[in-house]
K.L.:
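Just passing along the structure, written as structure tokens.
For ligands, and for the atoms within them, numbers begin at 1 and follow the listed sequence. This structure is a prediction, so every number in the text was calculated from the model and none was measured.
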Amino acid sequence: MATPLSADKLLKALRDEGLHVVEHRSWRTNNRNHKGPWGPTHGVMIHHTVTSGTASSVELCYNGHSALPGPLCHGVIAKDGTVHLVGNGRANHAGLGDDDVLRAVIAEKALPPDNEANTDGNRYFYGFECVNLGDGKDPWPAAQLLAIERAAAAVCRAHNWSQRSVIGHLEWQPGKVDPRGFTMNSMRTRIGKRLDGSPDGPSQPPPRPTYEPFPGSSFFAVGRSSPVVTAMGKRLVAEGCGRYTVGPGPAWSTADRNSYAAWQRKLGYTGTDADGVPGKTSWDRLKVPNV
Ligand SMILES: [Zn+2]
């Protein structure tokens with residue numbers, strides 16, 4: 001038995017999962033609780049909207065239409081990954097589905113085929129509508145898929161459910177095809193990894209170092225031509241150590257070596273320690289910008 005999350009708890013769970021969440025109008029009190037029960041909650045259902053455009057899709061899911069009053073879900077997941085909350089409570093998204101599927105979701109077992117429409121899904125499922133035309137051609141951007149993964153995982157985490165509590169509308173109600181364009185099995189795998197603390201999601205590339213790493217003393221030899229040498233020379237000039245008549249330029253030269261020796265002396269090196277061949281310590285202190 002799972003008590004539905006309060007509006008505050010749902011919002012916090014989504015934000016704690018790293019989602020950008022927009023609270024649309026009076027979503028906290030927008031529901032169909034006057035038409036039927038809400039809860040116990042047993043799972044999360046993923047849909048596509050068969051619409052395009054964030055603002056109009058969010059408004060449609062908030063209001064519904066004459067044949068199907070809103071809210072049409074709890075959250076709308078936009079192409080850019082933003083989650084727009086539109087409902088809190090019973091929502092018109094799941095319709096009648098298969099009681100065998102519900103039992104499998106509750107037990108977190110493999111899903112049977114959905115071949116019956118005998119059970120009120122709006123009572124038991126959170127719903128996320130994802131903006132997509134559902135024509136098999138409209139793309140699913142990585143940011144949107146990541147947001148689906150995060151939103152479903154957030155609700156599962158709040159209820160202590162596994163990824164098996166997340167289903168697609170097509171797995172619930174006979175005749176439904178949504179979501180179309182990715183498989184629910186692949187999404188459940190992603191959600192499971194996230195719940196285990198090892199999400200697949202696009203990891204950030206390692207930050208580019210601010211300064212050019214030391215390329216090794218042997219790099220600085222006659223015949224070397226590299227933008228690193230130019231960048232180094234410019235820094236030497238900036239430090240008042242430039243001994244150039246032309247340049248600095250990319251070809252390692254006697255002027256470079258004399259300039260670098262001046263830098264080494266400025267740092268306090270003497271004798272062969274100030275021979276003009278860069279070493280790691282003096283190089284790191286020079287802070288040559290990345291080329
Ligand atoms: Zn649907």
Side-chain angles (χ1 to χ4, degrees), residues 4 10 24 27 30-32 35-36 38 41-54 56-79 81-102 104-105 111-141 144-145 147-152 155-156 163-188 191:
L10 176 60
H24 189 70
W27 76 277
N30 193 32
N31 58 56
R32 302 281 299 159
K35 290 292 184 183
W38 168 233
T41 43
H42 292 308
V44 179
M45 194 173 295
I46 306 299
H47 305 261
H48 63 223
T49 55
V50 202
T51 62
S52 62
T54 301
S56 57
S57 300
V58 169
E59 200 59 25
L60 173 65
C61 288
Y62 185 92
N63 288 320
H65 47 82
S66 56
L68 194 65
L72 303 185
C73 60
H74 299 95
V76 178
I77 301 180
K79 293 248 188 225
T82 303
V83 177
H84 300 257
L85 289 171
V86 295
N88 171 44
R90 185 180 169 90
N92 264 335
H93 70 97
L96 291 177
D98 192 316
D99 59 338
D100 300 317
V101 172
L102 181 62
V105 169
L111 297 173
D114 53 327
N115 50 21
E116 294 176 284
N118 57 11
T119 301
D120 170 20
N122 296 333
R123 173 176 185 173
Y124 299 115
F125 287 92
Y126 297 90
F128 289 99
E129 285 280 359
C130 310
V131 177
N132 189 281
L133 290 172
D135 58 4
K137 296 176 194 155
D138 192 11
W140 291 86
Q144 189 179 28
L145 291 172
I148 296 167
E149 171 194 324
R150 283 178 159 159
V155 176
C156 288
Q163 72 277 13
R164 284 195 183 271
S165 291
V166 183
I167 65 174
H169 201 187
L170 78 173
E171 294 170 312
W172 170 248
Q173 191 172 34
K176 291 293 176 183
V177 299
D178 59 322
R180 186 172 174 202
F182 62 91
T183 67
M184 283 307 299
N185 280 336
S186 68
M187 183 52 69
R188 274 188 288 270
I191 295 163

K.L.:
Can you name the N, O or S atom of D178 that is closest to the Zn ion (ligand 1)?
P.N.:
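Among the N, O or S atoms of D178, the one closest to the Zn ion (ligand 1) is OD2.
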K.L.:
Any N/O/S atom, side chain or main chain, of E129 closer to the Zn ion (ligand 1) than 2.8 Å?
P.N.:
no
K.L.:
Would H169 and H47 satisfy side-chain hydrogen bond (donor to acceptor under 3.5 Å, both in side chains), going step by step from the backbone distance to the final call?
P.N.:
CA-CA 6 Å; H169 201 187; H47 305 261; 3.1 Å; yes
K.L.:
If you consider just the N/O/S atoms, which atom of H47 is the closest one to the Zn ion (ligand 1)?
P.N.:
ND1
K.L.:
Is the backbone of I77 close enough, under 3.5 Å, to the side chain of Q144 for a donor and an acceptor to pair up by distance?
P.N.:
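Side chain of Q144 to backbone of I77: a pair is present.
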K.L.:
Specify whether an N/O/S atom of H48 falls short of 2.8 Å from the Zn ion (ligand 1).
P.N.:
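It does not; every qualifying atom lies at 2.8 Å or beyond.
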K.L.:
Is it the case that the side chain of D98 and the backbone of E116 share a donor-acceptor pair, with hydrogens and angles ignored and the cut-off at 3.5 Å?
P.N.:
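Yes.
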K.L.:
Do the side chain of H74 and the main chain of G127 share a donor and acceptor less than 3.5 angstrom apart?
P.N.:
yes
K.L.:
Would you confirm whether W38, through its side chain, and N122, through its main-chain N or O, come within 3.5 Å as a donor-acceptor pair?
P.N.:
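Between the backbone of N122 and the side chain of W38 there is no qualifying donor-acceptor contact (under 3.5 Å).
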K.L.:
With a cut-off of 2.8 Å, does H169 place any N/O/S atom under that distance from the Zn ion (ligand 1)?
P.N.:
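Short answer: yes, at least one N, O or S atom is under the cut-off.
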